[in-house]
Undergrad: 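The structure is given below, and queries will be raised subsequently.
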Amino acid sequence: MDRYGVMGNPIKHSLSPSIHRMFAETSEQNLCYEAMLVAEDAFKQAVEGFSDSGGKGLNVTVPFKEQAWQLATKRSQRAELAGAVNTLSFVDGEIFGENTDGVGLVTDILNNHHGEIKGKRILIVGAGGAVRGILAPILAEQPAELVLVNRTVSKAEGLAEHFQHLGKIHPCGFDALDDRPFDCLINGSSASLGGQLPPLPSGCIAPHSWCYDMMYGAEPTPFNVWAEQQGAAKVMDGLGMLVEQAAEAFFIWRHVRPKTSPVLEALRNSLS
Ligand code: ATR
């Protein structure tokens, strides 16, 4: 049976094994998928051991995505730009590195929620690793305007420069945001993890605005609670992104596109 898995630290709460096992079952793929806890200084050995013993592919999560990028012998263009890899495939002695996070986000917004990015005014909050992973697929959708706001403005400026050949990004700090509302606001900061809300002015949201927190949990995130309070038209969390990035990895490995909606529904039920 072909073997796959996810490596991270911590890994206990990873939903990836459930997701990939459901994908395998519904698409009748004969494979096994395990969660693997890897010591912080043992990622390279763990990946090599897995591939040497016949493993076919890995998902990679915190804190190893940058190390996975370095280990890859070949990378897609979007992985190259993201500086981080969440999917490894072992084929003919090569380690192919891909980043499916951004595609997962875009697929969730466009296909699952029937939203639009093309021609829209988009705000992305945060300029860390998570945001770096989504910028190329967001720019590929050709938003009318993409504003990148971060506490540390220099990090937003750095990303705008890094991706400038793919499209225009306007970097700024929170105090530079005026009362012009955005069509879509995406929270890619880690503020929700600490129960915090990025200091966004309420004028950023209008009744037609869509809000997306890349985090998810059993309870709505602080960003999503705030977005609801401001009267946003739609409020979404990152569970769909998680399932869609997994589906993209599954497709890379198995060349089969699994159905995502039953998996998303099952996870949503188990979370609540
Ligand atoms: P990740 O891999 O999750 O992106 P990261 O690279 O540490 O993690 O980046 C975290 C991001 O969340 C950064 O953009 C950070 O802002 P700074 O660059 O100014 O540190 C942002 N962030 C974290 N806590 C925040 C908060 N309470 N309000 C606003 N932004 C926050």
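Just so you know, ligand 1 is whichever comes first in the structure, and atom 1 is the first atom listed for that ligand.
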Undergrad: Test: side-chain hydrogen bond (donor to acceptor under 3.5 Å, both in side chains). Region: residues 23-32. Which pairs qualify, not counting sequence neighbours?
TA: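 As it turns out, the side-chain hydrogen bond (donor to acceptor under 3.5 Å, both in side chains) pairs with a partner in residues 23-32, which skip direct neighbours, are Gln29-Arg254.
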
Undergrad: Salt bridge between Glu34 and Arg21, side-chain N to carboxylate O under 4.0 Å?
TA: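 Here Glu34 pairs with Arg21 in a salt bridge, since their nearest N and O are under 4.0 Å apart.
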
Undergrad: Test: side-chain hydrogen bond (donor to acceptor under 3.5 Å, both in side chains). Region: residues 218-234. Which pairs qualify, not counting sequence neighbours?
TA: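 Qualifying pairs: Asp213-Thr221.
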
Undergrad: Measure from the ring center of Phe43 to the ring center of Phe64 and say whether it is less than 6.0 Å.
TA: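 Phe43 vs Phe64: aromatic centres under 6.0 Å.
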
Undergrad: Assess whether a salt bridge exists between Lys120 and Glu145, defined as any Lys/Arg side-chain N lying under 4.0 Å from an Asp/Glu carboxylate O.
TA: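 Looking at Glu145 together with Lys120, the answer is no, because their closest N to O distance does not fall below 4.0 Å.
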
Undergrad: May I have all residue pairs that pass side-chain hydrogen bond (donor to acceptor under 3.5 Å, both in side chains) and include part of residues 165-184, sequence neighbours excluded?
TA: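 Non-adjacent pairs meeting side-chain hydrogen bond (donor to acceptor under 3.5 Å, both in side chains): Asp183-His208.
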
Undergrad: Can you list every pair where an N/O of ligand 1 is under 3.5 Å from an N/O on the protein?
TA:
unit_1	atom_1	unit_2	atom_2	d
ligand 1	4 (O)	Gly129	N	3.1
ligand 1	4 (O)	Ala130	N	2.9
ligand 1	6 (O)	Gly129	N	3.1
ligand 1	12 (O)	Ser190	N	3.0
ligand 1	12 (O)	Ser190	OG	3.4
ligand 1	14 (O)	Ala127	N	2.9
ligand 1	14 (O)	Asn150	OD1	2.7
ligand 1	16 (O)	Asn150	OD1	3.2
ligand 1	18 (O)	Asn150	ND2	2.9
ligand 1	18 (O)	Lys155	NZ	2.7
ligand 1	19 (O)	Arg151	NE	3.3
ligand 1	19 (O)	Thr152	N	3.0
ligand 1	19 (O)	Thr152	OG1	2.5
ligand 1	20 (O)	Arg151	NH2	2.9
ligand 1	27 (N)	Gln196	OE1	2.8

